[in-house]
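Quick note on labels: first sequence line is chain A, next is B, and so on, each numbered from 1.
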There are 2 protein chains.
Amino acid sequence: MTKVLLIDDEVRFARALAISLRARGYDVDTATTGEEGLEQAAHGHPDVIVLDLGLPGIDGLDVLRGLRGWTTVPVIVLSARHGEPSKVDALDAGADDYVTKPFGMDELLARLRALLRRAAPADDEPRVTTDDFTLDLAAKTAAAADGTPVHLTPREWGVVEVLVRNEGKLVSQKQLLQDVWGPQYERETDYLRVYLAAVRRKLEPDSSRPKYFITEPGMGYRFQSGR
Amino acid sequence: MTKVLLIDDEVRFARALAISLRARGYDVDTATTGEEGLEQAAHGHPDVIVLDLGLPGIDGLDVLRGLRGWTTVPVIVLSARHGEPSKVDALDAGADDYVTKPFGMDELLARLRALLRRAAPADDEPRVTTDDFTLDLAAKTAAAADGTPVHLTPREWGVVEVLVRNEGKLVSQKQLLQDVWGPQYERETDYLRVYLAAVRRKLEPDSSRPKYFITEPGMGYRFQSGR
DNA sequence: CTGCCCCGTTAAGGCGCCGTGAAGATCCTT
DNA sequence: AAGGATCTTCACGGCGCCTTAACGGGGCAG
């Protein structure tokens, strides 16, 4: 299900929007401050973010920049300001769209659809098969070669998913930590050692000699399916 | 260069916009009817299309649908109509953005930038191939001519990456040390000798007679891909 | 011819990084 | 409130990478 993160301090408006979104089959997270928004963005992995610029505390643009430091998730900015400079600033700070209040709910939803259509293109096979196991990224299920299901915890899935989506490519420790745990965890390399060990124990035929989840010392990790 | 196709029948407006775009380094094609626009879209391979809905003849929405039948090129729709239904229709017909006239030129340009940023992350392969080896800088993989993988350590990758990104150009020892080891190491020329030797041993067919990683005595090093 | 500078080569030492097991903390369900 | 599953934190041992040093060769100038 598509998950929308809504960052807005106007509770009444946010609630109305959340209801509209849920009625149309979206999953909705909400945050009422910039800090909370950044936190939830890292934690909840939304598919799109709706960000109101008129937040108390942190400036909305700083929230946007904080997001863009580590993620390319699509962002629609809402604002009561009509001034053109603020539009340009927001768009150049990394926003994908900018909607001025007041606006029609239907328009916002249409812009959401347009953005999701663009940003989530040809979702090719979220399915990976090797000689020793099968992964279905969409269904979040894993199975050994003989078909017996393998259970992975959420963190383990996070690690596996990032690596598999970058099959063959090296994923730096920093990027892996940012994608799975969030931007403020980029130094916790301990986690990676522990979770790579867990993933290997569950998926590799010989976890002491990994075939699929390869360590590149000092750089990061790599998933390779064949060979 | 980024090419913009501008489909608009208001000649004065189109001309002004074209001038603004060209001044900012875009390549601009123009069309004044829907038919011409479809023709040019097929013929000119634009990177983004700006489409005015208020065209004579063919309805603007039909132009949009005609485009979406065969291409996913980003489209920004312009319109004088303020009605919300038309926005929703256009966005659902495949438009990526919808701007209502009158609007500021800066806003349109900012929306153009945002859209291009999202739609064209088509990072062309950062891949280098020679007769004796291939390098994939993004994936951080190296392979010999016969396909057998070659393992490079982080420092070795650092050296190779700086030299390859400056293909053909001389890179001074100081710059190489600063880029790979950091500014405080700019005098440690010992490192370069050791690591160039390692890189050559792993990549050059005859490491005693380098073809690719050339020493310029007293100055620095150079990577050349052919000959 | 000879001394110097610069570069290539090799090897050894030490340290940082990684894998592993386990225990405490935290979250979630019953 | 209790129990299990999951996440975080820590310490230890081993291996690979980085650093450092020593030696030899080639080019150049005196």
Practice item. Considering just the side-chain nitrogens and oxygens of Thr153(A), establish if one lies under 4.0 Å of OP1 or OP2 belonging to dC7(D). Key: yes
Practice item. Take the protein atom CE of Met219(B) and the nucleotide atom C1' of dC7(C), then report the distance between them rounded to whole Å. Key: 15 Å
Exercise for review: Output yes when at least one side-chain N/O atom of Gln173(A) is less than 4.0 Å from OP1 or OP2 of dC17(C), else no.
Suggested key: no
Check your understanding: Would Asp132(B) and Thr130(B) count as having a side-chain donor-acceptor pair, cut-off 3.5 Å?
Key -> no
Review point. Considering residues, nucleotides and ligands other than Phe103(A), do more than 12 of their heavy atoms fall under 6.0 Å from its CZ?
Key: yes
Point to revise | N/O (side chain, His151(B)) to phosphate O (OP1/OP2, dC17(D)) under 4.0 Å | key: yes
Study note, to complete from the structure: Picking from dT10(C), dG19(C), dT9(C), the nucleotide nearest the side-chain atoms of Tyr221(A) would be dG19(C)
Review point. For the pair made of CD in Glu216(A) and C1' in dG19(C), what is the distance, rounded to whole Å?
Key: 16 Å
**Study point:** Out of dC7(C), dC17(D), dT9(C), whichever nucleotide has its closest atom nearest the side chain of Pro217(A)
**Key:** dC17(D)
**Study point:** Within residues 132-141 of chain A: residues closer than 4.0 Å to DNA chain C (heavy atoms)
**Key:** none
Point to revise | Which nucleotide in dC18(C), dC7(D), dT20(C) has an atom nearest any side-chain atom of Thr215(A) | key: dC18(C)
Check your understanding: Taking only side-chain nitrogens and oxygens of Arg200(A), does any of them come within less than 4.0 Å of OP1 or OP2 of dG19(C)?
Key -> yes
Check your understanding: Is Trp181(A) near enough to dC7(D) that one of its side-chain N or O atoms lies under 4.0 angstrom from OP1 or OP2?
Key -> no
**Study point:** Pi-cation contact, Phe13(A) with Lys101(A) (under 6.0 Å, within 45°)
**Key:** yes
Exercise for review: Check the distance between dC17(C)'s P and Leu177(A)'s CG and give it to me in whole angstrom.
Suggested key: 14 Å
Exercise for review: Take atom CD1 of Ile214(B) and atom C1' of dC7(C), then tell me their distance rounded to the nearest Å.
Suggested key: 14 Å
Study note, to complete from the structure: In numerical order, the residues of residues 183-196 of chain B whose heavy atoms come under 4.0 Å of DNA chain C are Arg193(B), Val194(B)
Exercise for review: Kindly state whether the ring of Trp157(B) and the ring of Tyr195(B) have centres lying under 6.0 angstrom apart.
Suggested key: no
